[in-house]
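Structure first, commentary second.
Every chain is numbered from 1 and lettered A, B, ... according to where its sequence line falls, protein lines coming before strand lines. Fair warning: this is a prediction, and the values are worked out from it, not measured in the lab. Values below: all heavy atoms of this structure, side chains included; hydrogens, waters and symmetry mates excluded.
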Number of protein chains: 2
Amino acid sequence: MVTGDGSYIKKINRSNILSEIFEHHKISRASLSKVTGLNKATISVQVNDLLKEDLIYETQEEHHSVGRRPILLSINEKAAYFLGIDLDHDQLLFNITDLKGNTVKYEKVDLHTDIYDEIVTLIADHIKNYEAFFSSARYGLVQTVIAIHGTISTDNRIHFIPRNQWREKDILSDLNKLGIHNVTIENNANLSAYAERIFQYHKSENLLNINLSSGIGAGIVINGELHKGYHGHAGEMGHMIIYPKGKPCRCGNEGCWERYASEPTFFENAKKILERNIETHADIKQLLNEKNEGIIRALNDWISNLAIGLNNVINLYNPEMIVLNSPILKIYPDSLIEIKKHLISSVSQYRDIVLSGLGAKASVVGACAMGIQHFLELPHLTLSETNNSIAI
Amino acid sequence: MVTGDGSYIKKINRSNILSEIFEHHKISRASLSKVTGLNKATISVQVNDLLKEDLIYETQEEHHSVGRRPILLSINEKAAYFLGIDLDHDQLLFNITDLKGNTVKYEKVDLHTDIYDEIVTLIADHIKNYEAFFSSARYGLVQTVIAIHGTISTDNRIHFIPRNQWREKDILSDLNKLGIHNVTIENNANLSAYAERIFQYHKSENLLNINLSSGIGAGIVINGELHKGYHGHAGEMGHMIIYPKGKPCRCGNEGCWERYASEPTFFENAKKILERNIETHADIKQLLNEKNEGIIRALNDWISNLAIGLNNVINLYNPEMIVLNSPILKIYPDSLIEIKKHLISSVSQYRDIVLSGLGAKASVVGACAMGIQHFLELPHLTLSETNNSIAI
DNA sequence: TTTATTTGTTTAAAAAACAAACTAACTGTT
DNA sequence: AACAGTTAGTTTGTTTTTTAAACAAATAAA
């Protein structure tokens, strides 16, 4: 229960002030008072606290209007660092951002093993290195969030990762045993949705991020919050039935969406249509450059099945933004046009549908953003996408 | 923006105290202090406010343990009354509850017109009568909430009601012109979901209420809040495509769920299977009593299509409770067993699926509950279903 | 009758926001 | 250069609300 004592309200105001500093980048005490509605004196007290904690700093600039020159406040991005890890079946992505969400380190590590213990040890070693490297910062490396390509149970264990066939792995306590703390895990599609909202579509209270890869997974933001469902499995929407008595699926049903619209099914079908081998995204690009008609037919066939599921999802959620994260769609210049052609229902409505600009990095930058929001206890956060990669 | 000043925190505490009194029915100041975590003195101050406002009253009971006998506090149910109206194409339902959510008046009015202005006038006349009748109560008839069998736009107008073919009707200002104020409108499926949560499944943070009638409409509670979507159209899930290139639908697509699983489609199909006329729910009951095999086949056929959509909805939302509100399912004793037989996916998970106990009254009691929650500004509300109809 | 215990109130103190007065700093005008 | 006008930020004292602790009231058990 939220007990409403004095310190609680101070916390609310602190969060609001921090959020405004994030959003305005540079803002004076006087302006903060105006945008938050809080008294100038209140702002001064809170700002002094934040300065003492080194979370913000003061600067001054040239000023060409009447009155005293304001002191501008900014987030002290060098105060704390956050690590996001994408744990995929064949590679690990590591991404570190500062407190403002700028990427300062990005690393891709190919996996040559699928043994759980080895991978956990590898992750632990990396975290230890990063922690040492950032230890001189005011708060050091504060938190690590790991993106999981599978489901997470309510007790924060990995429930199931299809590609690795890992079940009920308590990765947090396994990392604990290796001396690594301050780690949380979250579904990768959820983190991607989170990233799209915080870095791109700040105003969207109803946002859907759909990742097409080996399966179809979605992250869902509703009323501004992640929607995880009762067991934490919401968004596993690849197993929506779109062809009753269709292709059998490992889930036990027949005709699931991901048997028709995931990326692997595209390659299967394209092989049949083109009567030649096609295996990589580069192959698709090549064929498109050659203006091969078969590949366009294959793409449009695939998109028509994709659109059936999209229609259904839209019908249920009435989302504001739909962000599609798919390498194939990214390659095909007409993909959005073709998708929208199929979304003709007068009832299934949405505001806009776009391709992800964050792409494969979405989950890791979302992970870092989640760390920032948690560290500062912010109810809302907006960051700008300035991923200026700095070599370590 | 939530400005955190002193009065805000008092409001939070007041809401928590009121919620606890609702939940415990009778509770002493000392117990309130324990369950809320607030200091006894704080409770005393707030309770005195509530007593002065006549929102609660004191009683004492026999007491057989050591120590001073507690003074028990209860909600003063006679302080305020709330009206819910279900605006259907052929009838109006009026339901009035007291402040504790007990029904004190229920009225059904058959409509012999489909002219918008006439119906609005009829509604206004009823509200005026009820307002007069309850005018002697401390706060009188506080608020009216109207359940709409269609979509509502974000500017609080009726967007579209399919059965009436009403579009963009500003019913609130039309009622205003007739001297009726304090009215809000809400989708009937949303209000039903709301009712199921507040009267029945208090603990369910992820609840889906699916109404089967002329179409299929759902109310969705996610993270404890109603999910309305960007345009307010979330839950119009009847237009999910389950048979690509199937039966054409008025929405512009083909193979929509409601062309296979709404109640009218059951009657259509049953006629074909049984080769005789079947038009009412009483007919179904009759045939079931006669142990007619055709009706069971027709029901099970219909349910298998219903289950395809349910599988999809479950797959997307991972809900805790699914409440089905359908007269046909209510008649057929095996309906839940048959539905569950089809929900075999290892991925589509839910906690439980049940038939609505509130039935046709769900929307109107939900409407009253919404009025109560709004009047007292409660973040959470739990009511018990004691609809002791008292003739006016 | 006394003791222990629980309930509820009173009183004083602390925390936090606010309003208003004040100081500081700056531009533009005379 | 002096001064008026304006905006930024701080200080002072007040108000609101909660809390802790002491106190009063009521009651069962010893």
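Taking atom NZ of Lys11(A) as the reference point, atom C1' of dA17(C) lies 18 Å away to the nearest angstrom. One can place CD1 of Ile56(A) at 11 Å from P of dG9(D), the figure rounded to the nearest angstrom. When rounded to the nearest whole Å, the span between CD1 of Ile9(B) and P of dA15(C) equals 14 Å. When rounded to the nearest whole Å, the span between CG of Asp49(A) and C1' of dA16(C) equals 12 Å. Residue Leu73(A) contributes atom CG, which lies 11 Å from atom C1' of dA8(D) at whole-angstrom precision. Atoms CG (Asn13(B)) and P (dT16(D)) sit 17 Å apart, rounded to a whole Å. Between Leu38(B) atom CG and dT9(C) atom P the separation is 15 Å, expressed in whole Å.
For the pair Glu205(A) and Arg197(A), the salt-bridge criterion is met [side-chain N within less than 4.0 Å of a carboxylate O]. Ion pairing between a basic and an acidic side chain is recognised when a charged N comes within 4.0 Å of a carboxylate O; Asp98(B) and Lys100(B) show no such pairing. Using a cut-off of 4.0 Å between Lys/Arg side-chain N and Asp/Glu carboxylate O, Asp54(B) and Lys78(B) are scored as not salt-bridged. Remark: Lys228(B) engages Glu186(B) in a salt bridge, criterion side-chain N to carboxylate O under 4.0 Å. With respect to Glu53(B) and Arg14(B), a salt bridge is recorded, a charged nitrogen being found less than 4.0 Å from a carboxylate O. Taking a cutoff of 4.0 Å between a charged side-chain nitrogen and a carboxylate oxygen, Lys26(B) and Glu58(B) do not qualify as a salt bridge.
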* Just by protein heavy atoms under 4.0 Å, how would nucleotides 20-30 of chain D read 5' to 3' in B, S and -? -> B----BBBSS-
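Ser15(B) contributes a side-chain N or O that, together with a main-chain N or O of Lys11(B), makes up a donor-acceptor pair within less than 3.5 Å. Between the side chain of Thr42(B) and the main chain of Leu38(B), no donor-acceptor pair closer than 3.5 Å is present.
Residue Pro70(B) has its side chain nearest to dT7(C) when only dG9(D), dT7(C), dT19(D) are considered.
Residue contacts for Ile71(B): at a heavy-atom cut-off of 4.0 Å it reaches the sugar-phosphate backbone alone, with no base atom in range.
Under 4.0 angstrom from either OP1 or OP2 of dA8(D) there lies at least one side-chain N or O belonging to Lys34(A). Residue Ser44(A) places no side-chain N or O under 4.0 Å from the OP1 or OP2 atom of dG9(D).
Residues from residues 21-33 of chain A placing a heavy atom under 4.0 Å of any atom in DNA chain D, listed by number, are Ser28(A), Arg29(A), Ala30(A).
In this structure, Asn48(A) and Gln46(B) both approach DNA chain D, and ranking their closest nucleotides by distance from the 5' end singles out Asn48(A).
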* To do: Take Phe375(B) and Tyr139(B), measure what ring pair (Phe, Tyr, Trp, His ring centres under 6.0 Å) needs, and give me the verdict at the end.
  => CA-CA 10 Å; Phe375(B) 175 58; Tyr139(B) 295 95; 5.4 Å; yes
